[in-house]
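Each chain gets a letter, A, B and so on, in the order the sequences are listed, and its residues count up from 1.
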Protein chains: 2
Amino acid sequence: MLKLTKKTDYALMAINYMAYRKDSFIANTRNISETYNIPLELLAKILQKLAKNGLIVSQNGPKGGYTLAKEPRQITLGEVIRTIEGPIQIVRCIEGDTTCSQTELCTIRSPLRKIEGKIITFLDQITIDTICNENIEKELTVN
Amino acid sequence: MLKLTKKTDYALMAINYMAYRKDSFIANTRNISETYNIPLELLAKILQKLAKNGLIVSQNGPKGGYTLAKEPRQITLGEVIRTIEGPIQIVRCIEGDTTCSQTELCTIRSPLRKIEGKIITFLDQITIDTICNENIEKELTVN
DNA sequence: TTGATCTCCGATTCTTTTAGTCGGATATAA
DNA sequence: TTATATCCGACTAAAAGAATCGGAGATCAA
């Protein structure tokens with residue numbers, strides 16, 4: 001399925017939550033979890049991952065929590081997806097994948113890879129700022 | 001994960017196989033299965049589904065098999081994906097989905113839906129003919 | 001008309017991925 | 001020092017994906 005995981009959804013909601021608040025506001029896991037009805041433990045892991053990858057900054061101890069590490073317009077959708085789900089692969093077979101038994105005869109891999117590239121580029125152009133403002137008009141065409 | 005299933009890969013390979021041959025050539029499941037090393041039973045189901053949805057035409061009995069129902073330039077990637085995987089949904093929550101506990105507070109759904117729309121439009125622009133000729137240059141941008 | 005070769009189709013099992021849980025450690029403000 | 005945070009690995013449960021099985025129906029050729 002060509003679908004984002006719930007984890008990515010949660011990550012985007014959390015980032016959005018922070019983006020709507022002032023820089024000085026420190027959001028903690030419990031706040032976000034209760035606001036959006038996301039399992040606490042699961043959200044905690046997601047935020048840790050985002051922090052580890054430098055998308056958000058963590059502040060330990062009581063009154064601690066998370067803030068965005070960059071401006072909303074500097075965080076892209078592609079970046080968030082990659083942080084949570086790993087490299088974006090619409091096509092299955094990676095370069096040098098030995099498990100694919102169709103490798104040699106596969107006629108569709110190369111063109112699909114191009115399509116994948118287009119979609120990745122697209123996702124990397126969409127920022128959190130764009131999402132916050134519902135300002136998605138960028139095109140995605142096929143000359 | 002934002003990834004196509006193996007079934008879709010198999011479907012595309014099979015369609016591609018037929019597209020490369022003359023209209024009079026009837027491809028049977030075994031041929032394709034052996035050529036690309038795809039489990040026979042699985043491929044059979046996929047082809048049945050494609051036939052049921054009018055993408056290919058089945059010919060029963062010995063010397064039977066499948067041929068494309070339309071020209072390669074009339075079959076789109078989006079169409080194939082939908083036939084095999086069902087409606088394309090990059091975002092999880094469907095309109096009227098009651099199971100999503102974030103429904104009311106979710107701030108990201110609407111913008112993500114726009115993004116989804118862009119990608120679907122893109123996939124619907126790509127034809128089998130395009131894939132065969134590796135002629136994918138259509139863009140996918142974000143104004 | 002009979003047998004071989006196809007498609008057809010539902011039901012089932014196995015595997016992988018995703019989702020969510022649990023237990024315990026570390027940091028820090030009050 | 002205590003309450004409240006993040007941190008982190010290991011684990012379990014649920015869902016989706018991949019593959020298999022068994023048998024029915026069509027059709028061509030001998």
For Lys63(A) and Glu41(A), take the nucleotide of DNA chain C holding the closest heavy atom to each; which residue's nucleotide lies nearer the 5' end?
Glu41(A)

Could you give the NZ-to-P distance, from Lys49(A) to dA19(C), as a whole number of Å?
11 Å

Protein-nucleotide distance (Ile46(A), atom CD1; dC8(D), atom P), rounded to Å
16 Å

Without decimals, in angstroms, what is the distance between Gln59(B) CD and dG25(D) P?
20 Å

Note: for Leu2(A) and Pro62(B) on DNA chain D, the residue whose nearest nucleotide lies more 5' is Leu2(A)

Considering heavy-atom distances to DNA chain C, does Asn28(B) or Glu85(A) have its closest nucleotide positioned more toward the 5' end?
Asn28(B)

Using a 3.5 Å distance criterion without hydrogens, assess whether the side chain of Asn16(A) forms a donor-acceptor pair with backbone atoms of Leu12(A).
no

Whole angstroms only, please: what is the NZ-C1' distance between Lys3(B) and dT18(C)?
13 Å

Is the side chain of Gln59(A) donor-acceptor paired with the backbone N or O of Ile26(A) at a distance under 3.5 Å, no angle test?
no

Please give, in whole Å, the distance from dC8(C) P to Leu42(B) CG?
16 Å

When you measure from the side-chain N and O atoms of Thr29(B) to the phosphate of dT7(C), is any distance below 4.0 Å, counting only OP1 and OP2?
yes

Taking only side-chain nitrogens and oxygens of Thr5(A), does any of them come within less than 4.0 Å of OP1 or OP2 of dT17(C)?
no

Asn60(B) side chain, from C-beta outward: closest of dA3(D), dA26(D), dG23(C):
dA26(D)

Any donor-acceptor pair under 3.5 Å between the side chain of Lys45(B) and the base of dT7(C)?
no

Pair Arg82(B) + Glu79(B), salt bridge at N-O below 4.0 Å
no

For the pair made of CG in Leu50(B) and C1' in dC8(C), what is the distance, rounded to whole Å?
14 Å

Between atom CG of Leu55(A) and atom CD1 of Ile75(A), what is the distance when rounded to the nearest 0.5 Å?
5.5 Å

Arg30(B) CZ to dT7(C) P, straight-line distance once rounded to whole Å:
9 Å

Does the side chain of Tyr10(B) get closer than 4.0 angstrom to OP1 or OP2 of dA18(D) through an N or O atom?
no

For Ile15(A), does its backbone N or O pair with a side-chain atom of Tyr66(A) as donor and acceptor, under 3.5 Å?
no

Should Lys52(A) be listed as having a side-chain N or O under 4.0 Å from OP1 or OP2 of dT6(D)?
no

Take the protein atom CG of Leu43(B) and the nucleotide atom P of dA18(D), then report the distance between them rounded to whole Å.
14 Å

Ignoring backbone atoms, test whether Lys6(A) places a side-chain nitrogen or oxygen under 4.0 Å from the OP1 or OP2 oxygen of dG20(C).
yes

What's the spacing between Leu77(A) CG and Ile131(A) CD1 if we round to 0.5 Å?
5.0 Å

Please check the phosphate of dA5(D) (OP1 and OP2 only) for any side-chain N or O of Ser58(A) closer than 4.0 Å.
no

Taking the side chain of Gln48(B) as its heavy atoms from C-beta onward, which of dT5(C), dC9(C), dC6(C) lies nearest to it?
dC9(C)

Presence of Tyr66(A) side-chain N/O under 4.0 Å of dA5(D) phosphate oxygens OP1/OP2
no

